[in-house]
K.L.:
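Take a look at this one; I'll ask things after.
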Amino acid sequence: MLLMYDFKSVELRWQTRWEREHLYRTADESAKPKYYTMEMWPYPSGDLHVGHAKNYTLGDVIARMMRMLGYNVLHPMGWDAFGLPAENAAIDRGIDPAVWTAENILNMRRQIRLMGTGYDWSREIATCEPEYYRWNQWLFLRLFESGLAYKREAPVNWCPHDRTVLANEQVIDGRCWRCDHLVERRNLSQWFLRITAYADRLLEDLANLSGWPERTRTMQRNWIGRSEGANVAFAVDGMDESIEVFTTRLDTLYGATFLALAPEHRLVGPLKRTVSNERATAIDDFVESLKSKTELERTSLMEKQGVFTGAHAINPLSRERIPIWLTNYVLAEYGSGAVMGVPAHDERDFEFAKKQGLPIAEVIVPLNGESNEPLHAAYVEDGRLIASDDFSEMSSERAREAIAERLTAIGAGGKSVGYKLRDWLISRQRYWGTPIPIVHCPHCGEVAVPDDELPILLPPRERISGEGSPLASIPEFIETVCPKCGEKAKRESDTMDTFFESSWYYLRYLDPHNDGLPWASPRADRWMNVDQYIGGAEHTVLHLLYSRFFYKYFHDRGWVSGSDEPFARLFHQGLVLHDGEKMSKSRGNVVGIDQTAEQIGVDAMRLFLLYVTPPEETSNWNEEGISGRVRLLGRIWRACEPHFDAIRESRHPELSAPPGAESKDEKALLRAVHVVAKSAIDETMSRRFHYNTTIAKLDELVNLMTASSEPTPVMFYAVRSLPILIAPFAPHIAEELWERLGHTTSVHLERYLEPEERALAIEEITLVVQVNGKVRARIAAAVGVSEDEALALALADPNVRAHLNGKELRKRIYVPDKLLNLVAA
RNA sequence: GGGGAAGUGGCGGAAUGGCAGACGCAGCCGCCUCAAAAGCGGCCGAGGCAACUCAUGUGGGUUCGACUCCCACCUUCCCCACCA
């Protein structure tokens, strides 16, 4: 794989020049239309590999294309720098996470530049800097003021060994990912953001996000999980309490034969006090047995279990007295944590009732059918009601309405909407995150830290033990006075989930040095929304949903205007495998940026990543495939090199209008130049980004250019155009060629080549002649050949005649300049 | 169990209702060379001497014409998963 140019020195030289000349700095004021494009920022974990390069290369090509098409392009980069890996590295190696993070940022910034990307580095931000997390705290306080940030007890994953909560992702098979101890569920007081208040808007506005992949919208829709149903209140027999349940099948109310409660239900305690000691012990045992189980284990991996509380509830309509059970299959965090058990018409309740010997009461039968008794399985379809007082004979649909009305009338429930979406738990008992700016005062309660005291700085920490809540163990941090009453008080020791930072960073890029506000609204007015956002599909729900929530809140506060969605268009790039396998440190098959730049150069890397697959597909890195792109770069160089001197000495290195082409070859060459330009522009403007097809057309152009070295005007034109055509894709060799042709300014400041109809036009077409839909002849014809002329040409063809074979011509279909289909019988 | 995406040569892929396999990788043949590398030129879905026939996961359908649109099925991958 030998190149005719020294890619390493070429790439280094131009990267240095770009940086020195601040080539990619974006002006806030411009007469050009704005285009805001960004890739999801990286976590500074150490080294970048070619998988990162696929993401940043795609974003870079789009930014460069739009810049060359006359847009004022904003293309920023920053660091999602808080989080667990830094903290764990600090625990393992006994170093300060700030130092570890800063070193990684330094290295990764170098590697991102090494890829030849054009970012406006003057806007670089990192979440672990006080200048950034100060505004995290400021935004938290606004949410707190608005009642959208609140603290409450909630069941969380708790590792008794490490004495800290864990994210769901950090619980593997019910055990702590670090120490392998069994994880418990604990009720702990935690900070939440009330994202559920925006559930309906987050759901409804998905319909307008036409620039988002359908599957992403579907997944968000499912995650929000809106379902329409009803609440029903069951009075507890002998107690001044009632149990509320949520159901989407109100029509089955008369079939409820028991109530099922989650072990965490608020009435478990009160109910226990009304029953015998024996029963109370059984309840305790049951609750205790589930305590150490995660929700996953409890709901998916275990069989349905339960214990009878000894208490009964009254069905508000039938007045039937039904037993109250505790079960493992009811989720405490969904609905009210209690369901009515209708075994005849719900598979889960059927399974549970069979196991516990509970009665099964059939109340729905097929519309035109009869009872299915005895039931061997739950009948879950809609149908006709039976054994349901005056609702009997109604359809399920009608009964749901009628029963809801009756419940409302007697004050025992009514229509209601349930969501799977739960409030966002943002508390972390961790060190390396944004401190939550709240003071706990024994007299005043939870008190907001005044704005002028921000930021609450993260205290320096050279050593972290990994046990317990790090901030809680630092008295200098915790001990403070109440901002309201001045008495002794304690600071909140939790830090924020790092998704908080990434929910608004696209706004900070617009105004990164503002020390009075997170961003100034006029900046947002000018730049938002993000025109194109690019990142992995793994963030489909979390980051992209949280960002939408934040942006809607900002919109409600009047801090941003226009649309209340942050990302107009979204693109998920596919993974990069290495010889068909996922890249991982343990496999030892990670293809790093440094080694790639060293061995083949980053222009070749970029071309390969763009060429091997459409960007949304999974691509496969393999050495053989790359050699094709390395060869292409060599051929590009050899196509241009013979003409450097002649073009430079002509003293007219700038592009003029395409020259007139005389011969067939010249016309083909001229056309090939414009075909590349058209493809590059079409793929960009259509937001399809299938630059693999553009580069295939570039291959064809270069094949034509290397076929001859005749110094014709068309050849000169092609050589002069080539650096512009390839500038977005292979920015270094483009710049080098451009300079060798006699230019003194950067090729990246040029306008992209405008495709011209005259150059793209073809004079001769291949007319495909079909007989009864099968191709029987291919005839060369002039563009614009008339149907009659085409018919005459076709009928003159012996093969066509043979297939017509004297049959009657019934019909003919003519597609101008393409095809003539003769239908005969 | 629910939802989503996708199935085209030895491989990556192109073609989104009109010439299936552009472009590239691998392979084969040749040129250049003392030789090799690099480079350059040619061949490259299957069957058939050929005219042709078959071929885009499988089976149907719509159409003058289907990789493309519709229905059913099979397979793979991804996401969610006892959500009442």
Side-chain angles (χ1 to χ4, degrees), chain A residues 1-4 213-219 221-223 225-227 229 245-250 252 260 295-296 298-304 327-331 333-342 345-349 351-352 418-422 537-538 540-541 572 574-575 580 607-608 611-614 616-620 622-629 631-632 634-635 638 690 692-703 706-707 765-778 799 802-803 810-815 817-824:
Chain A
M1 290 199 292
L2 186 76
L3 281 172
M4 305 266 301
E214 185 52 46
R215 77 180 154 138
T216 304
R217 290 195 281 170
T218 304
M219 280 167 70
R221 216 170 269 131
N222 292 342
W223 186 266
R226 181 190 154 98
S227 60
V245 304
F246 176 74
T247 178
T248 54
R249 289 301 302 276
L250 193 56
T252 66
E295 194 167 277
L296 176 83
R298 234 197 251 198
T299 56
S300 295
L301 306 176
M302 287 175 73
E303 277 199 25
K304 288 182 177 50
T327 70
N328 64 333
Y329 75 94
V330 174
L331 304 172
E333 291 287 294
Y334 182 75
S336 56
V339 301
M340 61 182 200
V342 186
H345 307 294
D346 182 282
E347 284 167 8
R348 298 153 299 185
D349 296 340
E351 187 190 333
F352 185 73
Y419 296 93
K420 286 189 201 177
L421 183 70
R422 299 172 197 180
E538 68 273 20
T540 291
V541 173
H572 293 310
L575 297 172
L607 285 177
F608 177 73
Y611 179 73
V612 68
T613 352
E616 67 275 18
E617 300 293 332
T618 299
S619 35
N620 189 27
N622 69 80
E623 316 300 332
E624 283 174 347
I626 292 150
S627 61
R629 299 305 88 195
R631 282 179 200 145
L632 173 63
R635 292 225 309 282
R638 284 194 300 275
H690 285 197
N692 52 324
T693 61
T694 305
I695 294 171
K697 291 174 170 91
L698 177 65
D699 274 308
E700 295 185 65
L701 168 63
V702 176
N703 285 344
T706 49
I765 53 114
T766 303
L767 182 72
V768 174
V769 181
Q770 295 180 334
V771 177
N772 290 337
K774 294 208 183 272
V775 179
R776 297 303 176 189
R778 299 185 175 103
N799 200 38
H803 279 94
R810 288 245 172 115
K811 190 172 177 184
R812 66 179 193 246
I813 290 96
Y814 183 61
V815 184
D817 290 339
K818 274 190 179 157
L819 169 136
L820 179 68
N821 187 11
L822 303 173
V823 185

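Side chains included, hydrogens not; waters and symmetry mates left out as well; all remaining heavy atoms used.
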K.L.:
Protein-nucleotides 9-12 of chain B N/O pairs closer than 3.5 Å?
P.N.:
residue : atom : partner  : partner atom : Å
B:rG12  : O2'  : A:Val612 : O            : 2.5

K.L.:
Tell me, please, which residues at least two apart from A:His572 pass side chain to side chain contact (heavy atoms under 4.5 Å, CB included).
P.N.:
A:Pro213, A:Arg215, A:Thr216, A:Ala537, A:Thr540, A:Leu544, A:Leu570
K.L.:
Starting at the 5' end of RNA chain B and moving along, which residue's nearest nucleotide shows up first, A:Gly628 or A:Val815?
P.N.:
A:Val815
K.L.:
What's the CG-P distance between A:Leu575 and B:rA6, to the nearest Å?
P.N.:
16 Å
K.L.:
Rounding to an integer number of Å, can you tell me how far A:Glu617 CD sits from B:rA14 P?
P.N.:
8 Å
K.L.:
For the base of B:rG18, is there a side-chain donor-acceptor partner from A:Gln770 under 3.5 Å away?
P.N.:
yes
K.L.:
Give a yes or no on whether a salt bridge exists between A:Glu700 and A:Lys697, defined as a side-chain N under 4.0 angstrom from a carboxylate O.
P.N.:
no
K.L.:
Quote, to the nearest angstrom, the P distance that separates B:rC69 from B:rG42.
P.N.:
36 Å
K.L.:
Can we say A:Arg422 and A:Glu333 salt-bridge, meaning some charged N sits less than 4.0 Å from an Asp/Glu carboxylate O?
P.N.:
no
K.L.:
Could you measure between the two P atoms, the one in B:rG27 and the one in B:rA38, and give it in whole Å?
P.N.:
11 Å
K.L.:
Remember a base hit wins even if backbone is also touched, and classify A:Thr247 as base, sugar-phosphate or nothing at under 4.0 Å, heavy atoms.
P.N.:
sugar-phosphate
K.L.:
Syn or anti for B:rG59, with syn set at within 90° of 0?
P.N.:
anti
K.L.:
Please list, chain by chain and in numerical order, all residues satisfying side chain to side chain donor-acceptor pair (under 3.5 Å) with A:Thr694, sequence neighbours excluded.
P.N.:
A:Ser679
K.L.:
Under 3.5 Å, is there a donor-acceptor pair between the side chain of A:Asp346 and the main chain of A:Gly341?
P.N.:
no
K.L.:
B:rA84, OP1 or OP2 - any side-chain N/O from A:Ser227 closer than 4.0 Å?
P.N.:
yes
K.L.:
If the condition is side chain to side chain donor-acceptor pair (under 3.5 Å), which residues does A:Asn692 pass it with, not counting sequence neighbours?
P.N.:
none
K.L.:
Assess whether one donor atom and one acceptor atom, taken from the side chain of A:Asn821 and the base of B:rC64, lie less than 3.5 Å apart.
P.N.:
yes
K.L.:
Can you tell me how far P in B:rG1 sits from the matching atom in B:rU8, rounded to whole Å?
P.N.:
26 Å
K.L.:
At 4.0 Å (heavy atoms only), tell me whether A:Pro614 reaches a base, stays on the sugar-phosphate, or touches nothing.
P.N.:
sugar-phosphate
K.L.:
Check every strand shown and say whether A:Arg810 touches a base, only sugar-phosphate, or nothing at a heavy-atom separation below 4.0 Å.
P.N.:
nothing
K.L.:
Just the atom pairs and distances: protein N or O near nucleotides 50-54 of chain B's N or O, under 3.5 Å.
P.N.:
residue : atom : partner  : partner atom : Å
B:rC52  : OP1  : A:Asn799 : OD1          : 2.8
B:rC52  : OP1  : A:Asn799 : ND2          : 2.9
B:rU53  : OP1  : A:Arg776 : NH1          : 3.4
B:rU53  : OP1  : A:Arg776 : NH2          : 3.2
B:rU53  : OP2  : A:Arg776 : NH1          : 3.3

K.L.:
If a stem is a run of at least 3 consecutive Watson-Crick or G-U pairs, both distances under 3.5 Å, which stems include RNA chain B?
P.N.:
B:1-7 with B:74-80, B:10-12 with B:23-25, B:27-31 with B:39-43, B:45-47 with B:52-54, B:57-61 with B:69-73
K.L.:
Excluding sequence neighbours, so at least two apart, what forms salt bridge (charged side-chain N to carboxylate O under 4.0 Å, His left out) with A:Arg810?
P.N.:
none
K.L.:
How is A:Asn692 classified with respect to the nucleic acid when contacts are heavy atoms under 4.0 Å: base, sugar-phosphate, or nothing?
P.N.:
sugar-phosphate
K.L.:
Measure from CG on A:Asn622 to P on B:rG13 and round the result to the nearest Å.
P.N.:
11 Å
K.L.:
Suppose you measure atom C1' in B:rU56 against the same atom in B:rA51; what distance do you get, rounded to whole Å?
P.N.:
26 Å
K.L.:
Between B:rC80, B:rG24, B:rC19, which one does the side chain of A:Trp223 approach most closely?
P.N.:
B:rC80
K.L.:
List, with names and distances, any nitrogen or oxygen atoms from the protein found under 3.5 Å away from nitrogen or oxygen atoms belonging to nucleotides 40-42 of chain B.
P.N.:
none

K.L.:
Taking the same atom, P, in B:rU33 and in B:rG47, what whole-Å distance lies between them?
P.N.:
38 Å
K.L.:
Looking at B:rG4, B:rC25, B:rA20, which one has an atom nearest to any side-chain atom of A:Ser627?
P.N.:
B:rC25
K.L.:
Taking the P atom of each, how far is B:rG2 from B:rA72, in whole Å?
P.N.:
14 Å
K.L.:
Within less than 4.0 Å of OP1 or OP2 of B:rG18, is there a side-chain N or O belonging to A:Lys818?
P.N.:
no
K.L.:
How close or far is atom P of B:rG13 from atom CD of A:Glu624, stated in whole angstroms?
P.N.:
16 Å
K.L.:
For A:Phe352, check ring pair (Phe, Tyr, Trp, His ring centres under 6.0 Å) against everything at least two apart and list the hits.
P.N.:
A:Phe258, A:Trp325, A:Tyr329
K.L.:
So, using salt bridge (charged side-chain N to carboxylate O under 4.0 Å, His left out) as the criterion, who are the partners of A:Glu616 when residues are at least two apart?
P.N.:
none
K.L.:
Any N/O pairs under 3.5 Å between the protein and nucleotides 66-71 of chain B? List them or say none.
P.N.:
none

K.L.:
With rounding to the closest Å, how many angstrom separate the P atoms on B:rG7 and B:rA14?
P.N.:
9 Å
K.L.:
Given that A:Met219 and A:Asp699 both sit by RNA chain B, which one's nearest nucleotide is further toward the 5' end?
P.N.:
A:Asp699
K.L.:
Determine the Euclidean distance between corresponding P atoms of B:rA66 and B:rC54; express it in Å to zero decimal places.
P.N.:
12 Å
K.L.:
Please list, chain by chain and in numerical order, all residues satisfying side chain to side chain contact (heavy atoms under 4.5 Å, CB included) with A:Thr766, sequence neighbours excluded.
P.N.:
A:Arg778
